[in-house]
Amino acid sequence: MDWVIIGIAGFLGGMLNAVAGGGSFITLPALIFVGVTPVSANATGTAALLPGYLASAWRFRRDVEFPANLKFIHIAFIAVSGGCLGAAILLMASEQLFSTLIPWLILLATAAFI
């Protein structure tokens, strides 16, 4: 049954990422539900959705307008810096702390989407 849950969550998460992003809203809770630890679930879900991120980015590469007159290199620097900082914080935090923060992080991400 776990494989069915993970398979459906992966499919739905990939579809959501292709349309608007946010596939982790589906994959993270599904992986935690089947017993994967929260930090591992976060890393696993992100790695599993990476091909979808890349495919969508390639497909919409000509439709992207950079905000505030920023160039691609500036946005890439901001994204890589934020990703590295987030990964470092995740690796330094305990499982218990991350488990406590998950609902707040999802709330913050939801507010950002809105």
Side-chain angles (χ1 to χ4, degrees):
M1 186 63 171
D2 290 351
W3 286 100
V4 173
I5 292 169
I6 291 171
I8 291 170
F11 182 76
L12 293 175
M15 285 177 44
L16 184 58
N17 270 354
V19 174
S24 294
F25 287 129
I26 296 171
T27 59
L28 180 64
L31 287 166
I32 291 172
F33 179 77
V34 299
V36 179
T37 62
V39 172
S40 294
N42 185 46
T44 300
T46 301
L49 294 172
L50 182 62
Y53 289 133
L54 297 174
S56 293
W58 181 258
R59 162 56 185 93
F60 293 108
R61 70 191 181 279
R62 292 186 182 101
D63 300 329
V64 173
E65 291 183 30
F66 298 118
N69 297 322
L70 293 175
K71 295 185 179 178
F72 174 78
I73 191 72
H74 298 125
I75 293 174
F77 176 75
I78 292 167
V80 170
S81 298
C84 289
L85 178 63
I89 291 170
L90 180 65
L91 291 173
M92 289 189 288
S94 66
E95 289 279 345
Q96 185 176 10
L97 175 62
F98 186 64
S99 294
T100 303
L101 291 176
I102 287 174
W104 298 104
L105 294 170
I106 291 175
L107 181 64
L108 180 66
T110 301
F113 269 100
I114 290 172

Checklist entry - Taking all non-hydrogen atoms of both residues, which atom of Gly22 and which atom of Asn17 are closest, and how far apart? => result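 Smallest interatomic distance, heavy atoms only, reads N-OD1, 3.1 Å.
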Next on the checklist: If I compare all heavy atoms of Pro103 with all of Ser99, which pair ends up nearest, and what's the gap?
Outcome noted: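 Of all heavy-atom pairs spanning Pro103 and Ser99, the closest is CD-O, 3.6 Å.
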Checklist entry - What's the verdict on side chain to side chain contact (heavy atoms under 4.5 Å, CB included) for Asn42 and Thr46, showing C-alpha distance, side-chain angles and the deciding distance? => result CA-CA 6 Å; Asn42 185 46; Thr46 301; 4.1 Å; yes
Item to check | Audit row: Thr37, Phe98, side chain to side chain contact (heavy atoms under 4.5 Å, CB included) steps and yes/no | outcome: CA-CA 10 Å; Thr37 62; Phe98 186 64; over 6 Å; no
Next on the checklist: Tell me whether Asn69 at atom CG has more than 12 heavy atoms from other residues, nucleotides or ligands lying less than 6.0 Å away.
Outcome noted: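 12 or below, so no.
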Next on the checklist: Would you say that more than 12 heavy atoms from the other residues, nucleotides or ligands in this model lie under 6.0 Å from the CD1 of Ile73, or not?
Outcome noted: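 Not more than 12 within 6.0 Å, no.
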Checklist entry - Can you tell if the side chain of Leu49 reaches within under 4.5 Å of the side chain of Ser24, non-hydrogen atoms only? => result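 The answer is yes, as the side chains (C-beta and beyond) meet within the 4.5 Å cut-off.
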Checklist entry - Taking the side chain as C-beta and beyond, is there a heavy-atom pair between Pro67 and Ile75 under 4.5 Å? => result yes
Item to check | Within one Ile-Leu-Val-Met-Phe-Trp-Tyr cluster: Ile102 and Ile26, side-chain cutoff 4.5 Å | outcome: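 Shared cluster, no.
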Checklist entry - Mind checking whether Leu97 and Ile106 sit in one hydrophobic cluster, side chains of I, L, V, M, F, W, Y counted as touching below 4.5 Å? => result yes
Nearest 0.5 Å please: distance from the [atom1] atom of [X] over to the [atom2] atom of [Y].
X     : Y     : atom1 : atom2 : answer
Leu28 : Thr44 : CG    : OG1   : 10.0 Å
Glu65 : Leu70 : CD    : CG    : 13.0 Å
Phe25 : Leu16 : CZ    : CG    : 8.0 Å

Item to check | side chain to side chain contact (heavy atoms under 4.5 Å, CB included) evaluation trace for Val36 with Ile6 | outcome: CA-CA 11 Å; Val36 179; Ile6 291 171; 5.6 Å; no
